[in-house]
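Worksheet: the structure to be examined is printed underneath.
Protein chains get the first letters and strands the later ones, always in sequence-line order, with residue 1 at the start of each.
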Number of protein chains: 2
Amino acid sequence: MNIGAAAKSSGVPAKTIRYYESIGLIAPAHRTESGYREFSQIEIDTLRFVQRARSLGFPVKGVALLLDLWRDRSRASSDVKAMAMEHIGDIDRKIAELQSMRDTLLHLSEQCHGDDRPDCPILEGIAG
Amino acid sequence: MNIGAAAKSSGVPAKTIRYYESIGLIAPAHRTESGYREFSQIEIDTLRFVQRARSLGFPVKGVALLLDLWRDRSRASSDVKAMAMEHIGDIDRKIAELQSMRDTLLHLSEQCHGDDRPDCPILEGIAG
DNA sequence: CTTGACCTTCCAGTTTGTGGAAGGTCCATA
DNA sequence: TATGGACCTTCCACAAACTGGAAGGTCAAG
């Protein structure tokens with residue numbers, strides 16, 4: 001399978017596959033005589049794993065760790081769970097921050113007429 | 001006021017003030033004979049505005065627009081409100097995405113023993 | 001043999017700063 | 001007056017995670 005087919009099959013864009021290879025997240029692909037990359041089913045599976053882990057918000061370095069655990073048949077599931085819980089904590093902090101922004105903005109917006117007049121509690125609120 | 005005092009007074013780090021100047025978000029500061037930047041109270045107020053708008057999650061380009069509206073005494077408050085509502089929409093989308101990640105991760109984590117055994121529904125879930 | 005869809009590498013840009021090096025300035029104290 | 005420490009200056013590099021585009025090679029069908 002060449003990179004275009006691998007991209008379609010894994011959900012990771014061709015450009016991104018090359019990028020992942022360049023940063024060492026995935027192993028360098030085998031090449032045909034003419035230099036085209038070739039991907040086996042195992043490599044497609046790996047790419048799909050990466051894609052899913054990324055879509056769960058794990059940073060690329062976290063995905064690298066997850067890949068190591070995934071391939072380590074003697075891993076302890078507690079190690080994986082610890083990573084997941086820590087990541088959930090990160091997500092919770094982000095949600096809380098966004099929620100706080102949202103609350104403030106909504107509060108300010110509710111006080112703003114939103115008409116042709118210049119009077120604007122939103123700007124006043126930001127100015128403090 | 002030199003840049004260090006401006007930083008303390010506005011909450012924007014000195015390095016970041018220089019950066020904002022370099023990208024044109026704020027006007028170039030006046031300089032003393034020896035080349036030090038000097039900030040007036042108005043500039044401190046502007047920096048504080050920028051700091052607050054950023055902390056509400058507005059991107060730098062959005063802050064630039066807000067600054068324009070802030071300084072435009074003939075603005076319509078509806079323009080400001082529209083920006084705020086759009087930004088709230090962005091935030092809502094981010095929150096929803098994070099919430100979805102969180103739900104999936106928590107669901108997988110709940111199925112994982114988290115002990116010494118290698119069996120791990122989290123990795124299985126990511127692998128698909 | 002040509003054409004179009006692939007593939008290759010490499011460089012640049014995105015966003016929002018942060019860290020650090022090399023060197024000039026200012027003020028207080030010895 | 002000299003000197004030391006805390007400022008300030010510019011400039012370059014790095015962070016995360018890609019994405020776009022240019023220039024050029026390859027493959028398969030008609």
Side-chain angles (χ1 to χ4, degrees), chain A residues 1-26 28-39 43-44 46-47 49-67 87 90-91 93-94 97-98 101, chain B residues 1-26 28-40 43-44 46-67 87 90-91 93-94 97-98 101:
Chain A
M1 236 194 265
N2 63 21
I3 200 169
K8 260 184 198 153
S9 167
S10 69
V12 181
K15 208 120 204 191
T16 304
I17 295 175
R18 292 192 196 98
Y19 169 69
Y20 285 161
E21 188 188 272
S22 82
I23 62 170
L25 178 62
I26 59 174
H30 291 131
R31 302 291 185 121
T32 64
E33 273 187 24
S34 62
Y36 281 26
R37 287 176 182 79
E38 275 192 324
F39 297 85
E43 290 161 326
I44 303 298
T46 300
L47 284 169
F49 183 97
V50 169
Q51 199 280 321
R52 295 235 176 87
R54 289 288 299 126
S55 79
L56 287 175
F58 283 100
V60 168
K61 281 181 186 171
V63 176
L65 295 176
L66 286 173
L67 275 176
H87 185 42
D90 291 346
I91 290 174
R93 278 182 284 283
K94 278 184 197 159
E97 193 185 348
L98 288 168
M101 291 174 182
Chain B
M1 236 196 262
N2 64 20
I3 201 169
K8 260 185 198 155
S9 168
S10 69
V12 181
K15 210 119 203 193
T16 305
I17 295 174
R18 293 193 196 98
Y19 168 69
Y20 285 161
E21 188 189 273
S22 82
I23 63 170
L25 178 62
I26 59 173
H30 291 131
R31 302 290 185 123
T32 64
E33 273 187 24
S34 61
Y36 282 25
R37 286 176 182 80
E38 275 191 324
F39 297 84
S40 67
E43 290 161 326
I44 303 297
T46 301
L47 284 169
R48 205 167 310 179
F49 183 97
V50 169
Q51 199 280 322
R52 294 235 178 87
R54 288 288 298 125
S55 79
L56 287 174
F58 284 100
V60 168
K61 280 180 186 171
V63 175
L65 296 176
L66 286 173
L67 275 175
H87 185 43
D90 291 345
I91 290 174
R93 278 183 285 282
K94 278 184 198 158
E97 193 186 349
L98 288 168
M101 291 174 183

Could you list the donor-acceptor pairs under 3.5 angstrom formed by side chains in residues 54-62 of chain B, with sequence neighbours left out?
residue, atom, partner, partner atom, Å
B/Arg54, NH1, B/Phe58, O, 2.5
B/Ser55, OG, B/Arg52, O, 2.8

Inset, instruction - Provide, to the nearest angstrom, the distance between the CZ atom belonging to B/Arg37 and the C1' atom belonging to D/dT9. - result: 8 Å
Inset, instruction - Select base, sugar-phosphate, or nothing to describe what B/Arg18 touches, counting heavy atoms under 4.0 Å on all strands. - result: base
Legend entry - Bending between helix ends of the helix from C/dC1-D/dG30 to C/dA30-D/dT1 [5 pairs per end, 10° resolution]: 30°
Legend entry - Residue list, side chain to side chain donor-acceptor pair (under 3.5 Å) with B/Arg18, at least two apart or on another chain: none
Inset, instruction - Verify, without hydrogens or angle tests, whether B/Asn2 (side chain) and B/Ala5 (backbone) share a donor-acceptor contact under 3.5 angstrom. - result: yes
Legend entry - Letter per nucleotide, 5' to 3', of nucleotides 14-22 of chain C [B base touched, S only sugar-phosphate touched, - untouched; heavy atoms, 4.0 Å]: -SBBSBB--
N/O donor to acceptor pairs below 3.5 angstrom from side-chain atoms of residues 6-16 of chain B, sequence neighbours left out:
residue, atom, partner, partner atom, Å
B/Ser9, OG, B/Arg48, NH2, 3.3
B/Ser10, OG, B/Ala6, O, 2.8
B/Ser10, OG, B/Val12, N, 3.1

Inset, instruction - Go through the side-chain N and O atoms of B/Ser40 and B/Glu43 and say whether any donor and acceptor fall under 3.5 Å apart. - result: yes
Inset, instruction - Let me have a per-nucleotide readout for nucleotides 24-30 of chain D, 5' to 3', with B, S or -, counting only protein heavy atoms under 4.0 Å. - result: -BBS---
Inset, instruction - In whole angstrom, give the distance that lies between atom CD1 of A/Ile17 and atom P of C/dT9. - result: 13 Å
Inset, instruction - Kindly say if A/Asn2 contacts the phosphate of C/dC7, meaning a side-chain N or O under 4.0 Å from OP1 or OP2. - result: yes
Inset, instruction - For A/Glu21 and D/dT19, give me the distance from atom CD to atom C1', rounded to whole Å. - result: 17 Å
